[in-house]
There are 2 protein chains.
Amino acid sequence: MQGPRTVAEQVANVLREAIASGTIKAGTSLRQDDLAEQFGFSRMPIRDALRQLEAEGIVSIHPTKGAQVARMDSAEISEIYALRELLECEALRLSLPNLAGDRLDEAEQVLDQIDAERNVGRWGALNRAFHLALYDACGNNRLLALIEAHHNAADRYVRILLSNLDYRSRSQTEHRDLLAACRRRDGDRAIGILRQHLREGSETLVSAIREDGLSRKS
Amino acid sequence: MQGPRTVAEQVANVLREAIASGTIKAGTSLRQDDLAEQFGFSRMPIRDALRQLEAEGIVSIHPTKGAQVARMDSAEISEIYALRELLECEALRLSLPNLAGDRLDEAEQVLDQIDAERNVGRWGALNRAFHLALYDACGNNRLLALIEAHHNAADRYVRILLSNLDYRSRSQTEHRDLLAACRRRDGDRAIGILRQHLREGSETLVSAIREDGLSRKS
DNA sequence: GCATGGATATATGTATGCCTGTATATGCAC
DNA sequence: GTGCATATACAGGCATACATATATCCATGC
């Protein structure tokens with residue numbers, strides 16, 4: 001596994017993490033000159049990085065007006081979660097018959113890691129790792145890429161969820177229920193749990209955003 | 001409706017159309033210098049355009065190795081059609097209850113246009129317009145964007161399909177059946193027809209690609 | 001006092017040049 | 001004769017410089 005080969009990729013990775021972790025807030029305008037100076041590179045790789053992040057739906061670019069961290073209101077969060085439900089339930093349905101036992105063991109280890117992890121910033125990645133492990137055998141790489149893209153797009157909001165201790169506890173319970181259903185090869189039950197899991201996440205997140213006022217327009 | 005605001009967008013549009021129409025074949029390497037000379041601009045807007053097309057999955061870029069028109073083998077075509085089936089059936093299910101009658105009239109006009117159109121290059125766009133008209137009221141903009149992205153990614157292959165007179169005739173019959181089911185507000189039937197329509201397209205296209213050898217690796 | 005137009009400033013879009021990395025070909029050694 | 005190493009060439013990434021568009025502010029006129 002080799003690291004990023006270009007400066008643009010490095011910049012994109014740093015910005016993605018900064019946005020996901022909340023260091024750079026939604027709506028912040030990302031000026032090419034400022035970023036170039038901060039990173040110590042010219043504007044060109046920064047432009048490439050911003051294009052990359054735009055493709056991922058993390059920033060929005062308007063010609064001659066620059067880039068800013070994409071704002072998501074509760075409606076967009078709902079859309080993303082509706083898509084996650086559609087895509088991930090299908091991936092699980094396709095994957096489960098082909099899912100080897102040791103993959104499930106790996107998924108369980110990830111759950112243990114989540115319980116042990118005290119660094120808030122790691123929860124998002126671990127949460128994603130657990131979900132993707134279950135879908136890994138679905139046989140459709142584009143489907144997996146779409147799922148990962150939606151995880152990335154909503155990452156900074158999911159982290160808000162996961163920083164809520166109560167939600168995190170419920171989430172882990174559901175994760176273990178889901179894993180148990182997968183071990184029993186009970187596809188319908190597993191998909192049902194996953195669907196319920198995502199809907200709870202969506203509802204919790206939407207109400208959290210509404211009261212936090214995170215959706216306010218600048 | 002204002003046109004492209006930047007050179008990069010214009011270049012991206014021209015390249016997208018050239019690739020979709022088959023003027024630029026799959027696997028062709030897209031050298032920045034050559035394109036810059038052909039278009040009469042510098043390499044920078046060409047770079048931006050290629051990044052944009054990469055995000056759309058139309059070209060693939062490898063650092064220091066340049067860009068080339070993305071090759072799709074039959075497996076990738078199958079993946080795209082599996083996703084189209086998943087996404088479009090869901091969009092239709094969500095849209096149908098909110099779909100106004102005049103929208104259906106518009107869709108029918110598009111079908112008439114397809115029958116009347118003699119320019120092969122227009123069929124792809126009209127075909128897409130018909131499908132999107134049906135999903136328009138689904139209420140999830142991201143879902144619509146994903147569907148449109150998948151239409152674009154497979155466009156040049158769909159055009160191969162549509163240039164087949166026999167397939168085109170069958171396709172139109174299915175389109176009209178689908179429209180009729182929508183008018184009757186028979187959601188299950190409409191989704192069933194759509195699913196069958198997409199599966200036929202996938203199978204026809206996969207076998208066409210296999211025998212045409214379009215998936216050969218340079 | 002308000003509105004409109006023009007000018008200026010700022011940030012993005014575009015052009016060009018240089019450097020680095022990779023691939024290929026050739027030569028030498030085994 | 002084959003394999004490996006080195007050198008050269010080519011293409012892309014990055015930097016610097018220039019052009020353009022847009023927004024804001026100030027001035028002038030009504």
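Each chain gets a letter, A, B and so on, in the order the sequences are listed, and its residues count up from 1. The basis for the numbers below is simple: all heavy atoms, side chains too, and nothing from hydrogens, waters or symmetry mates.
Side-chain atoms of B/E148 and B/H151 include no donor-acceptor pair closer than 3.5 Å.
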Produce the list of close N/O pairs, under 3.5 Å, pairing protein atoms with atoms of nucleotides 10-15 of chain C; give distances to one decimal.
from, atom 1, to, atom 2, distance (Å)
C/dT12, OP2, A/Q32, N, 3.4
C/dT12, O3', A/T64, N, 3.4
C/dG13, OP2, A/R47, NH1, 2.5
C/dG13, N7, A/R43, NH2, 2.9
C/dG13, O6, A/R43, NH1, 3.2
C/dT14, OP1, B/V7, N, 2.6
C/dA15, OP2, B/S42, N, 2.7
C/dA15, OP2, B/S42, OG, 2.7
C/dA15, O5', B/S42, OG, 3.4

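To the nearest angstrom, P of D/dT16 lies 12 Å from CD of A/E37. Between the P atom of D/dA11 and the CD1 atom of B/I46 lies a distance of 16 Å, rounded to the nearest Å.
A salt bridge is absent between B/E88 and B/R128; no separation between the charged side-chain nitrogens and carboxylate oxygens falls under 4.0 Å. Classification of B/R47 and A/D48 as a salt-bridged pair holds, one side-chain N sitting under 4.0 Å from a carboxylate O.
Heavy atoms from other residues, nucleotides or ligands lying under 6.0 Å from CD of B/E117 number more than 12.
Taking 4.5 Å as the limit, every side-chain heavy atom of A/H175 sits out of range of all side-chain heavy atoms of A/V110.
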